[in-house]
Amino acid sequence: MPSWIGAVILPLSGLLLSLPARADVKARSCGEVRQAYGAKGFSLADIPYQEIAGEHLRICPQEYTCCTTEMEDKLSQQSKLEFENLVEETSHFVRTTFVSRHKKFDEFFRELLENAEKSLNDMFVRTYGMLYMQNSEVFQDLFTELKRYYTGGNVNLEEMLNDFWARLLERMFQLINPQYHFSEDYLECVSKYTDQLKPFGDVPRKLKIQVTRAFIAARTFVQGLTVGREVANRVSKVSPTPGCIRALMKMLYCPYCRGLPAVRPCNNYCLNVMKGCLANQADLDTEWNLFIDAMLLVAERLEGPFNIESVMDPIDVKISEAIMNMQENSMQVSAKVFQGCGQPKPAPALRSARSAPENFNTRFRPYNPEERPTTAAGTSLDRLRTVWRTMQDSVTDIKEKLKLSKKVWSALPYAICKDERVTAGTSNEEECWNGHSKARYLPEIMNDGLTNQINNPEVDVDITRPDTFIRQQIMALRVMTNKLKNAYNGNDVNFQDTSDESSGSGSGSGCMDDVCPTEFEFVTTEAPAVDPDRREEDSSAAGLGHSLLSWSLVCMVLALQRLCR
């Protein structure tokens with residue numbers, strides 16, 4: 001047989017072999033694809049009735065196809081949109097946890113402070129009467145500063161408490177010695193002896209520890225909920241890379257182009273695509289888990305011995321205890337102050353007025369918590385405790401939700417690929433889309449994180465360029481975790497050093513120069529002869545900072561004691 005005959009037969013035979021297949025492909029209808037495409041809201045004008053040659057395709061296999069260039073572009077954008085929605089939906093739980101729990105905790109805590117202030121005010125008005133009302137701004141300012149601290153204000157708790165007790169001390173020292181006039185310089189001298197005198201016993205020191213630890217824990221906890229909320233909201237709004245968008249299109253909609261709109265991706269195929277697209281999010285996991293652990297530690301503080309209830313509920317009883325200490329030591333305190341600071345000037349027309357120490361024990365008595373009235377004060381106290389129990393339930397609920405949110409970012413690919421709307425599931429590994437055809441997916445599954453995507457078969461990932469936005473969230477979590485750890489140990493990281501905002505000792509209006517109301521009787525102490533050598537002792541008060549806090553707490557107790565009358 002001549003060679004030219006063989007040369008003709010071979011191509012002809014190839015042509016003949018290919019004709020049946022080509023004829024079969026051309027005969028395939030795109031009706032099923034048209035229906036699925038139209039259901040997505042796209043115009044059917046984009047899609048052919050029968051398969052066409054696919055040389056124009058840029059992402060899907062360039063074989064006979066139901067996709068035009070316009071279809072591939074639109075489906076590519078659709079895959080990007082669906083991916084973004086899937087990430088938001090899948091992270092909905094963790095975002096809801098922080099958004100709703102932050103709102104509830106914040107509402108409960110604010111209400112708790114409001115009720116604590118009202119409870120104290122109601123009880124003091126009933127117990128201390130006019131004397132409290134004349135000095136009530138001292139206590140109102142205390143709660144104002146506590147609220148300002150909680151809401152993120154520039155408040156140094158220790159300095160604020162020092163200032164509170166100092167103001168109260170100024171007023172109470174004058175109230176127990178109404179026959180004298182005290183200048184600002186004299187009252188400052190009185191403050192310097194607080195460490196030595198400790199007129200209120202150990203109550204001020206204990207209350208300072210409880211207030212600072214409880215409020216540091218509460219404020220840092222709510223800040224942590226805010227940071228968790230912001231990070232979760234930001235990270236859940238993904239911006240897929242071009243390589244990710246190509247992989248998403250290939251996985252989700254190339255089956256349309258192959259005439260297989262009902263065939264869903266293989267589960268392992270989906271995992272590799274999602275791990276490549278969410279590689280940076282997975283890198284957030286380590287810092288996120290440390291953050292959650294720190295949040296759980298601070299939540300324990302909110303439930304433990306330094307919780308707000310232990311501070312706000314029995315604060316009146318604690319102050320009453322301090323007042324009793326002042327009652328027992330008032331004579332010695334005044335005598336020592338007069339020795340160290342000098343004899344004060346007599347108040348006009350009051351030198352011989354109301355020197356009645358015999359009334360001290362009957363007028364100043366410890367407040368018995370069992371005697372709390374069932375009227376306004378009792379009602380506000382009950383409300384305070386109800387709010388506290390509700391907040392405690394909220395903290396318990398938050399703890400459980402926080403535990404469930406660990407490893408949430410590395411788990412995103414698994415959660416998305418578990419969605420039956422996305423993949424064929426693990427039980428259908430043969431009849432699923434593997435990126436090329438309806439068959440088993442063979443490549444191995446990549447590990448989590450950016451560096452592990454270097455050999456990802458589905459997504460082109462540049463492991464040398466971490467996502468800057470995700471790195472910013474990692475840093476935000478790291479800073480917050482450090483704050484939480486400090487709060488757990490009772491340290492306020494915002495005020496590790498002395499605050500620039502100093503709180504000066506203020507003196508308010510009270511029963512000082514003017515004649516005091518006749519319905520009140522105050523302990524008076526005659527000033528002893530002044531020892532000139534003792535006047536130098538004020539220079540030895542080296543521990544002024546710590547002692548001032550104790551004195552300040554003492555003053556608060558004394559004021560409250562006087563108010564009890």
Side-chain angles (χ1 to χ4, degrees), residues 78-105 222-241 244-245 247-248 251-252 265 267 270-296 397-423 425 445-450 452-453 456 458-459 461 466-481 484:
Q78 180 69 14
S79 64
K80 173 181 179 292
L81 178 63
E82 290 184 7
F83 168 69
E84 292 170 349
N85 291 337
L86 280 169
V87 174
E88 280 211 59
E89 285 179 24
T90 309
S91 61
H92 179 263
F93 166 77
V94 68
R95 289 184 292 114
T96 301
T97 293
F98 282 91
V99 172
S100 62
R101 272 55 187 184
H102 172 272
K103 184 174 184 293
K104 289 178 72 173
F105 182 86
V222 81
Q223 286 178 344
L225 290 173
T226 302
V227 169
R229 177 190 67 191
E230 292 174 353
V231 169
N233 282 336
R234 290 168 181 167
V235 175
S236 63
K237 297 185 185 303
V238 293
S239 298
T241 63
C244 172
I245 295 173
L248 291 168
M251 180 183 84
L252 295 173
N267 184 74
C270 173
L271 285 175
N272 274 344
V273 172
M274 293 302 161
K275 288 196 175 197
C277 287
L278 297 170
N280 284 282
Q281 281 75 4
D283 283 348
L284 190 74
D285 233 27
T286 300
E287 204 62 49
W288 176 267
N289 293 339
L290 293 173
F291 162 71
I292 296 298
D293 287 339
M295 285 289 290
L296 291 171
D397 171 66
I398 292 172
K399 283 175 62 179
E400 293 306 312
K401 295 296 189 296
L402 288 175
K403 291 174 185 176
L404 294 174
S405 70
K406 291 188 72 173
K407 300 184 179 179
V408 64
W409 305 112
S410 60
L412 271 181
Y414 298 91
I416 291 173
C417 295
K418 191 178 180 181
D419 193 328
E420 60 182 13
R421 297 171 301 172
V422 179
T423 69
I445 302 174
M446 298 292 102
N447 290 324
D448 301 325
L450 184 64
N452 289 315
Q453 307 311 310
N456 191 308
E458 309 304 336
V459 188
V461 181
D467 188 305
T468 334
F469 181 74
I470 296 295
R471 279 354 186 229
Q472 289 173 352
Q473 307 314 307
I474 289 174
M475 287 305 301
L477 288 173
R478 192 167 294 163
V479 169
M480 192 65 239
T481 299
L484 289 162

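For this chain, numbers begin at 1 and follow the sequence in order.
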Peer 1: In sequence, state the C-alpha distance, the side-chain angles, and the governing distance for Val479 and Val227, and then conclude on side-chain contact (heavy atoms from CB on, under 4.5 Å).
Peer 2: CA-CA 10 Å; Val479 169; Val227 169; over 6 Å; no

Peer 1: To check you understand the geometry: which heavy-atom pair defines the closest contact between Ala294 and Thr481, and what is its length?
Peer 2: CB-CG2, 4.0 Å

Peer 1: Apply salt bridge (Lys or Arg N to Asp or Glu O under 4.0 Å) to Glu84 and Lys237, showing your working.
Peer 2: CA-CA 7 Å; Glu84 292 170 349; Lys237 297 185 185 303; over 6 Å; no

Peer 1: Can you name the nearest heavy-atom pair linking Ser79 to Leu252, along with the distance?
Peer 2: CB-CD1, 3.9 Å

Peer 1: Let me confirm one number: the CZ-CZ distance from Arg229 to Arg101, rounded to the nearest 0.5 Å.
Peer 2: 14.0 Å

Peer 1: Please walk me through it: do Phe98 and Glu230 pass side-chain contact (heavy atoms from CB on, under 4.5 Å)?
Peer 2: CA-CA 9 Å; Phe98 282 91; Glu230 292 174 353; over 6 Å; no

Peer 1: Side chains of Val461 and Thr241, heavy atoms from C-beta outward: is any pair under 4.5 Å?
Peer 2: no

Peer 1: Any side-chain to backbone donor/acceptor pair from Asn280 onto Asp467? Under 3.5 Å, distance only.
Peer 2: yes

Peer 1: Taking all non-hydrogen atoms of both residues, which atom of Val87 and which atom of Ile416 are closest, and how far apart?
Peer 2: CG2-CD1, 4.0 Å

Peer 1: If I take atom CG from residue Leu296 and atom CG from residue Leu484, how far apart are they, to the nearest 0.5 angstrom?
Peer 2: 10.0 Å

Peer 1: Looking at Asp285 and Trp409, would you say the former's side chain and the latter's main chain have a donor-acceptor pair under 3.5 Å?
Peer 2: yes

Peer 1: Find the distance between SG (Cys277) and NZ (Lys80) and round it off to the nearest 0.5 Å.
Peer 2: 11.5 Å

Peer 1: Once you round to the nearest 0.5 Å, how far does SG of Cys270 lie from CD of Glu458?
Peer 2: 10.5 Å

Peer 1: Between Ser239 and Phe469, is the side-chain contact (heavy atoms from CB on, under 4.5 Å) condition met? List the steps.
Peer 2: CA-CA 10 Å; Ser239 298; Phe469 181 74; over 6 Å; no

Peer 1: So, for Leu402 and Ile292, which heavy atoms are closest and what is the spacing to 0.1 Å?
Peer 2: O-CG2, 3.3 Å

Peer 1: Measuring from Thr97:OG1 to His102:NE2, what's the distance to the nearest 0.5 Å?
Peer 2: 14.0 Å

Peer 1: For atom NZ of Lys399, decide whether the heavy atoms of other residues, nucleotides or ligands shown that lie under 6.0 angstrom number more than 12.
Peer 2: yes

Peer 1: Taking all non-hydrogen atoms of both residues into account, name the closest pair between Gln453 and Asn447 and its distance.
Peer 2: NE2-O, 2.8 Å

Peer 1: Apply the test side-chain contact (heavy atoms from CB on, under 4.5 Å) to residues Phe291 and Val231: give CA-CA distance (whole Å), side-chain angles for both, the deciding distance (0.1 Å), then the verdict.
Peer 2: CA-CA 11 Å; Phe291 162 71; Val231 169; over 6 Å; no

Peer 1: Between Asn233 (side chain only) and Arg95 (backbone N and O only), is there a donor and an acceptor less than 3.5 Å apart?
Peer 2: no

Peer 1: Is Lys401 close to Ile398 at the side-chain level, that is, under 4.5 Å between some pair of heavy atoms?
Peer 2: no

Peer 1: Are the charged groups of Arg421 and Glu82 less than 4.0 angstrom apart, N to O?
Peer 2: no

Peer 1: Would a distance-only check, ignoring hydrogens and angles, find a side-chain to backbone donor-acceptor pair under 3.5 Å from Gln281 to Gly449?
Peer 2: no

Peer 1: Is it the case that the side chain of Ser405 and the backbone of Val94 share a donor-acceptor pair, with hydrogens and angles ignored and the cut-off at 3.5 Å?
Peer 2: no

Peer 1: So do the side chains of Arg478 and Leu290 get within less than 4.5 Å of each other, counting heavy atoms only?
Peer 2: no

Peer 1: Looking at every heavy atom in both Phe83 and Cys244, which two are closest together, and how far apart are they?
Peer 2: CE2-SG, 4.3 Å

Peer 1: Taking side chain to side chain contact (heavy atoms under 4.5 Å, CB included) as the criterion, tell me which of Asp448, Asn267, Thr90 meets it with Tyr414.
Peer 2: Asp448

Peer 1: Measuring from Met274:CE to Leu412:CG, what's the distance to the nearest 0.5 Å?
Peer 2: 10.0 Å

Peer 1: Under the 3.5 angstrom rule, does the side chain of Lys275 hit a backbone N or O of Met446 as a donor-acceptor pair?
Peer 2: yes

